[in-house]
Student: 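Before anything else, here's the structure in question.
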Amino acid sequence: METHAPPTPARDAGATADDLPRFLRACRGLPTDRPPVWVMRQAGRYLPEYRAIRAELDFLTLCRTPDKVAEVTVQPIDRLGVDAAILFADILLIPDAMGGELSFVKGDGPKFARPVRDAGDLSGLRTVDVDRDLGYVFDAVAACRAALADRRGDDGLPIPLIGFAGTPWTVAAYLVEGGPSKDYRNLLAWSYRDPAGLHQLLERIADVTIDYLAGQIAAGVQAVQLFDTWAGLLDASRYRDLVMPSMRRILDSLPAGLPRIVFARNTAHLLPTLATLPDDVALSIDWRTPLAEARAVVGPTRVLQGNLDPAALLGPLPTIEIAARRLVEEGRQGVAPGRSAHIANLGHGILHTTQPEQAEAFVAAIRAAARVDAAT
Ligand code: CP3
């Protein structure tokens, strides 16, 4: 098993541990007054101010317009008061740049005009130069950092910006099927018929992802999250074969000390495998696994992120507040004294029928959580 030296906060340009924002402290396991909180898919259709911008720009045009990206990225900062911003982009921009020809069909979600179904299709993929083909994302990162420069969290410190990508497995799931699928039968069939060919696709996606994340980091993202939405299609042994190698290569490519988070959905059975990732990789847990169960598997110091059921935000405000307080309590259980090891979030993306007040109630209740005993 690989071991990484614990990240040193001093590697953050100019920052000492004391002026690290709460989210970045928690990523490093440093004690915090309360768990930081952000919300997966916090910029999106549940916000009227987002829908107002989308009324004028389709989703991909929005992703390619840096000043508009900055505007929607900071909307949840201003509305909810979360402790971190996540770049507004999509995991499918990479396979689009690779030649998949992505479009978003109203009501149907993403669609690739040129899916990759077998090894023969690999020769049709383009060689990506990330500056040429995805440079608009790096410009957007810079615009987000500029927009965040005049905002502060309730700790008086700047709001960090999270960059992201999909894991090659999850990106391939959409590229192979040509869009979302009920059963991912083309992807799974390929994985049994010609694993070597599928590995080639996964490694091609990983190559682009490594350059893409390096570009995001150079442009200013301060942490990286990898989304593995379709992890749960695999058992542990197939996960070790089909997901871990390219995911590890991407994680290893990131600069030492940069916070890394892996969100893997539907993965109670994969936690022991995920726990073999380097100790400083935070694991974002979906809502089906109680945090205490995850904690028992990953030990007292690994940072866990999550994991309120997104549907819980559809309930009445007092119920949301109770659930948020319970989440803070659960997040503290089994954590080594003097450490923090929980980032409050949902267990998957916020549902677009959530009312803004329901999201606000969740974040406000986490922010009101009593001080963790930071003195120990
Ligand atoms: O606020 C944020 O979290 C940042 C932006 C973000 C988006 N997509 C914007 C988006 C992030 C981090 C993603 C990740 C993403 N995209 C994932 C992984 C996380 C997850 O939810 O499982 C996946 C699987 C995708 C692919 C994707 N993009 C799908 C399947 C869809 C259509 C269905 C849907 O959820 O809307 C999208 C579109 C998309 N990406 C929207 C947004 C805000 C909705 C577009 C719109 O405005 O109509």
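Note that ligands are numbered from 1 as they come in the structure, with each ligand's atoms numbered from 1 the same way. Along the sequence shown, residues are numbered consecutively beginning with 1. These numbers come from a predicted model, not from an experiment.
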Student: Quick one: look up the protein heavy atom nearest atom 41 (C) of ligand 1 and list residue, atom name and how far away it is.
Tutor: F59 CE1, 3.8 Å
Student: Between R326 and E329, does at least one N-O distance fall below 4.0 Å, as a salt bridge requires?
Tutor: no
Student: Check this for me: does any side-chain nitrogen of one of R367 and D83 sit under 4.0 Å from a carboxylate oxygen of the other?
Tutor: no
Student: Please confirm whether the backbone N or O of W230 pairs with a side-chain atom of W169, one donor and one acceptor, at under 3.5 Å?
Tutor: yes
Student: Donor-acceptor pair, Q216 side chain versus V137 backbone, under 3.5 Å?
Tutor: no
Student: State whether Y46 and R41 meet the cation-pi test: NZ (Lys) or CZ (Arg) under 6.0 Å from the six-membered ring centroid, and within 45° of the perpendicular axis.
Tutor: no
Student: Quick test: of every protein heavy atom, which one is nearest to atom 32 (C) of ligand 1, and how far off is it to 0.1 Å?
Tutor: P110 CD, 3.6 Å
Student: Less than 4.0 angstrom from a charged side-chain N to a carboxylate O is my criterion; do D121 and R114 meet it?
Tutor: no
Student: Applying a 4.0 Å heavy-atom criterion (strictly less than), which segment of H352 is in contact with ligand 1: side chain, backbone, both, or neither?
Tutor: neither
Student: Looking only at N/O atoms, are Q42 and ligand 1 under 3.5 Å apart anywhere?
Tutor: yes
Student: Please classify the F164 to ligand 1 contact at 4.0 Å (heavy-atom distances, strictly less than): side chain, backbone, both or neither.
Tutor: side chain
Student: Considering distance alone, does some N or O of A43 sit under 3.5 Å from an N or O of ligand 1?
Tutor: yes
Student: So does L24 get a backbone contact from the side chain of R28, meaning a donor-acceptor N/O pair under 3.5 Å?
Tutor: yes
Student: Give me the nearest non-hydrogen protein atom to atom 28 (N) of ligand 1 as residue plus atom name, then the distance to 0.1 Å.
Tutor: D90 OD1, 2.7 Å
Student: Got an N/O contact under 3.5 Å between Y174 and ligand 1?
Tutor: no
Student: Counting from 1, what ligand 1 atoms have a heavy atom of T229 closer than 4.0 Å?
Tutor: 18 (C), 19 (C), 20 (C), 22 (O), 24 (C)
Student: Identify the protein heavy atom lying closest to atom 36 (O) of ligand 1, giving its residue, its atom name and the separation to 0.1 Å.
Tutor: R45 NH2, 2.4 Å
Student: Assess whether a salt bridge exists between R193 and D118, defined as any Lys/Arg side-chain N lying under 4.0 Å from an Asp/Glu carboxylate O.
Tutor: no
Student: Taking non-hydrogen atoms only, is L92 closer than 4.0 angstrom to ligand 1 via side chain, backbone, both or neither?
Tutor: side chain
Student: Starting from atom 15 (C) of ligand 1, which protein heavy atom do you reach first, and at what distance in Å?
Tutor: R41 NH2, 3.4 Å
Student: Of the protein's non-hydrogen atoms, which lies at the shortest distance from atom 23 (C) of ligand 1, and what is that distance?
Tutor: I91 CD1, 3.5 Å
Student: Show the atoms of ligand 1 that are less than 4.0 angstrom away from any heavy atom in L87.
Tutor: 4 (C), 5 (C)
Student: Ligand 1 versus A89, non-hydrogen atoms closer than 4.0 Å: side chain, backbone, both, neither?
Tutor: backbone
Student: What protein heavy atom sits nearest atom 37 (C) of ligand 1, and how far away is it?
Tutor: F104 CE2, 3.4 Å
Student: In the protein, what heavy atom is nearest to atom 20 (C) of ligand 1, and what distance, to one decimal place, separates them?
Tutor: H348 NE2, 3.2 Å
Student: Measuring centre to centre across the rings, with the benzene-like ring taken for any Trp, is F227 within less than 6.0 Å of F164?
Tutor: yes
Student: Just to be sure I read this right, does ligand 1 sit under 4.0 Å from the backbone of R54, its side chain, both, or neither, counting only heavy atoms?
Tutor: side chain
Student: Does a salt bridge link R249 with E203, judged by any charged N lying under 4.0 Å from a carboxylate O?
Tutor: yes
Student: Can a salt bridge be assigned to the pair R25 and D155 using a cut-off of 4.0 Å between side-chain N and carboxylate O?
Tutor: no
Student: List every atom of ligand 1 that sits less than 4.0 Å from any heavy atom of F227, numbering the atoms from 1 in the order shown and giving each element.
Tutor: 12 (C), 18 (C), 19 (C)
